[in-house]
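Everything on this sheet refers to the single structure shown next.
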Protein chains: 2
Amino acid sequence: MGDYNIATYARRRRPLDPISVSIIEDDHDIRASLSLIIDGAEGFECISNYGDAETALQDISQDMPDVILMDIELPGMSGIDCVRQMKKQMPECDILMLTVHDHDKIVFESLCAGACGYLTKNTRPRHILNAIREVRSGGAPMSTNIARMVVNSFKTRHSVGLSDREREVLSQLCTGKSYKMIADTLFISSDTVRSHIKNIYKKLEVSSNAEAVARALKEKLV
Amino acid sequence: MGDYNIATYARRRRPLDPISVSIIEDDHDIRASLSLIIDGAEGFECISNYGDAETALQDISQDMPDVILMDIELPGMSGIDCVRQMKKQMPECDILMLTVHDHDKIVFESLCAGACGYLTKNTRPRHILNAIREVRSGGAPMSTNIARMVVNSFKTRHSVGLSDREREVLSQLCTGKSYKMIADTLFISSDTVRSHIKNIYKKLEVSSNAEAVARALKEKLV
DNA sequence: TGAAAAATCACCCGTTCGGGTCATATCGCC
DNA sequence: GGCGATATGACCCGAACGGGTGATTTTTCA
C-alpha cells in the first residue's frame, strides 16, 4: 500500500517517463511482436509479459505497469476475470483489451469488469501506440465498430408497443414506487394504476413488479 | 417514404459522393465557420444549417443529410429533444453532438436520444472532419474525456457492502423471480431468501422489491 | 361518422410480500 | 475463547399485489 502510493506519486511527478506496459497474451508470436512494437517506440517501455492470467496476477504487482494489454482467450482464467482481479490489485492501472472478439456480450462484460478500452486485433501498430497514449491521458480508445456498439447500447428502445401513459406508469414503477404513490404522482386512482400495470404485464409478458422493472431497465424501454 | 428509400439507395450506390452535412446551432458565427470548414474540405458538403430546432425539424427532411451536427443549447426546444424527433423522421441519419457540455447527464441523455457521437466544442476543425468521416463509416466519434465517461458508466460498482450471498440473491431478484423461485434456484428455504432480502433492503435503504431491483440495476451493484 | 384503442375507475379474491421477532450453526478475527 | 458478521430457518400479521371481470369516457384514425 505504501509502495503503491509512492509509485503513483512518482508517475505523477515525472510525466515524461516512458509509459510502462505489460502484455498478457497466450500466443507467443503476438506477444513478442507487441513487445517489439512497444519497446521500439519512443516514450514506451514494455516491462513484462505473461502467457496466462494466473501467473500475471501473481507477479504483476511487482511490475506496476501504467497500462496492460489484455487478451481475452487465455488458457485457464479468462482475460475478463483477470481484469476484474487486476483492478482490485491496481485500480490506477489502465487495462486495454486487445482481442479478436467483437460480440456485444464479451465487449460489455470486459467494460463492466473494468477495462478502459477495447481494440480488435486487426488494429495497426501505430494505432495501438496511440491508444496507449490516449488511455493514459484519460481517454477510452476503442475500435470504431466497438465504439458504435457501446454508444448504441444507450439508445432507448421503444420496441414493445406500450402507450405513452403505460410508459409513464412503468417509469414510475422503475423508481420503486407503490401503486398508491404512483397514483398520487399521476393524479389518478390506484385502481387505474393497477389497470395500466396489468396491461403492461401483458405486453411485456411478465407477471410481477420486479420482472417488469428488470425488463424495463435492462431493455431500456423507458 | 419512396423518396427516402431512393435516397438511401443512391447513397449506397455512390460512396464517392461527398458526405452531406447539416448544422443546427444557434450561434451565427459558429454556424458560419462550421459551414466554411465543411464546404472547404474535399469530400464534404454542407447542405443546410439552422438556428433552432423547430425550423430544422420542419425543413430538414427535404435536405436528407448524411450527418447532422447538433448543438444542445438552442432557443426553444433543446438539441436533445431535437435528436429524438430527428431520429424518428430519419433513422438512417447520423447525428453528432457538438457542444460545450460535458456533464454525465447531458451526455447520456444525448446518446439515449439517438446521437451517434459526442464532440466537445474545443475540437479542432480537422478532427471534426475526421469525426464526420468516422461516424459515416460506422463509428461513434467522441472526445477523449467523453469516451472515458461512457466506458466508465459500464463499470460494476460494489460500493454498498453486500455479502456475496446477498449479491447472489439480489441478482436473482433482478431477473424477476419470486422468493419461492429464488429459493429453489439457490437450494435454500424461501424463508431464508426472505431473510437475506430483508438484510439487503436495510443495506440499500429500500423497502420494496421494485425499489431494490431499480437501485441494483441503475447503480450496477450486481 | 363510427369502430378501435387508450385512459379512467371499481370490486372480489387469493397469494405474496414486508416487517417484526427469534433461533441455530459457521466462520473469521482480535 | 468469544464477539461479530453471515447463512440458514421458522412463525405471525397486516398491507400490497396479481388476476379476473366489467364499465364509462375520451382520443384516434380510417
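All values below come from the heavy atoms of this structure, side chains included, with hydrogens, waters and symmetry mates left out. Residue numbering restarts at 1 for every chain, and letters A, B, ... go by the order of the sequence lines.
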Qualifying residues under side chain to side chain contact (heavy atoms under 4.5 Å, CB included), relative to Thr99(B), sequence neighbours excluded: Asp71(B), Ile72(B), Met97(B), His101(B), Tyr118(B)

Given dA7(C), dC17(D), dC11(C), the nucleotide with the shortest approach to the side chain of Arg165(A): dA7(C)

Residue His196(A), side-chain atoms from C-beta onward, closest of dG9(D), dT8(C), dA6(C): dT8(C)

I need the [atom1]-[atom2] distance between [X] and [N], as an integer number of Å.
{"X": "Ile188(B)", "N": "dA7(D)", "atom1": "CD1", "atom2": "P", "answer": "10 Å"}
{"X": "Asp164(A)", "N": "dT27(D)", "atom1": "CG", "atom2": "P", "answer": "14 Å"}
{"X": "Leu186(B)", "N": "dT8(D)", "atom1": "CG", "atom2": "C1'", "answer": "12 Å"}
{"X": "Leu173(A)", "N": "dC17(D)", "atom1": "CG", "atom2": "C1'", "answer": "11 Å"}
{"X": "Ile182(B)", "N": "dA7(D)", "atom1": "CD1", "atom2": "C1'", "answer": "16 Å"}
{"X": "Glu211(B)", "N": "dC17(D)", "atom1": "CD", "atom2": "C1'", "answer": "16 Å"}
{"X": "Ile197(B)", "N": "dT8(D)", "atom1": "CD1", "atom2": "C1'", "answer": "14 Å"}
{"X": "Met181(A)", "N": "dA16(D)", "atom1": "CE", "atom2": "P", "answer": "11 Å"}

Salt bridge (Lys or Arg N to Asp or Glu O under 4.0 Å) between Lys180(B) and Asp184(B), worked out: CA-CA 6 Å; Lys180(B) 181 76 185 62; Asp184(B) 290 346; 3.0 Å; yes

Nucleotide-resolved protein contact map, nucleotides 19-30 of chain C, B/S/- at heavy-atom distance under 4.0 Å: BBB---------

Salt bridge Arg148(A)-Asp94(B), side-chain N to carboxylate O under 4.0 Å: yes

Touch class at under 4.0 angstrom, heavy-atom based, for Asn209(B) against every strand present: sugar-phosphate

Sugar-phosphate only, base, or nothing, as touched by Thr192(A) at under 4.0 Å among non-hydrogen atoms: base

Earlier contact from the 5' end, DNA chain D, for Lys180(A) and Asp191(A): Lys180(A)

Interatomic distance, Asp63(B) atom CG to Ser61(B) atom OG [nearest 0.5 angstrom]: 8.0 Å

Between CE on residue Met77(A) and OG1 on residue Thr55(A), distance to nearest 0.5 Å: 11.0 Å

Could you go through residues 213-222 of chain A and list every donor-acceptor pair under 3.5 Å that involves a side-chain atom there, pairing it with any protein atom two or more places apart or in another chain?
residue   : atom : partner   : partner atom : Å
Arg215(A) : NE   : Glu219(A) : OE2          : 3.1
Arg215(A) : NH1  : Leu204(A) : O            : 2.5
Arg215(A) : NH2  : Glu219(A) : OE1          : 3.0
Arg215(A) : NH2  : Glu219(A) : OE2          : 3.4
Lys218(A) : NZ   : Cys174(B) : O            : 3.1

Side chain Lys87(A), main chain Cys93(A), donor-acceptor under 3.5 Å: yes

Ser178(A) vs dC17(D): side-chain N/O to OP1/OP2 distance below 4.0 Å: no

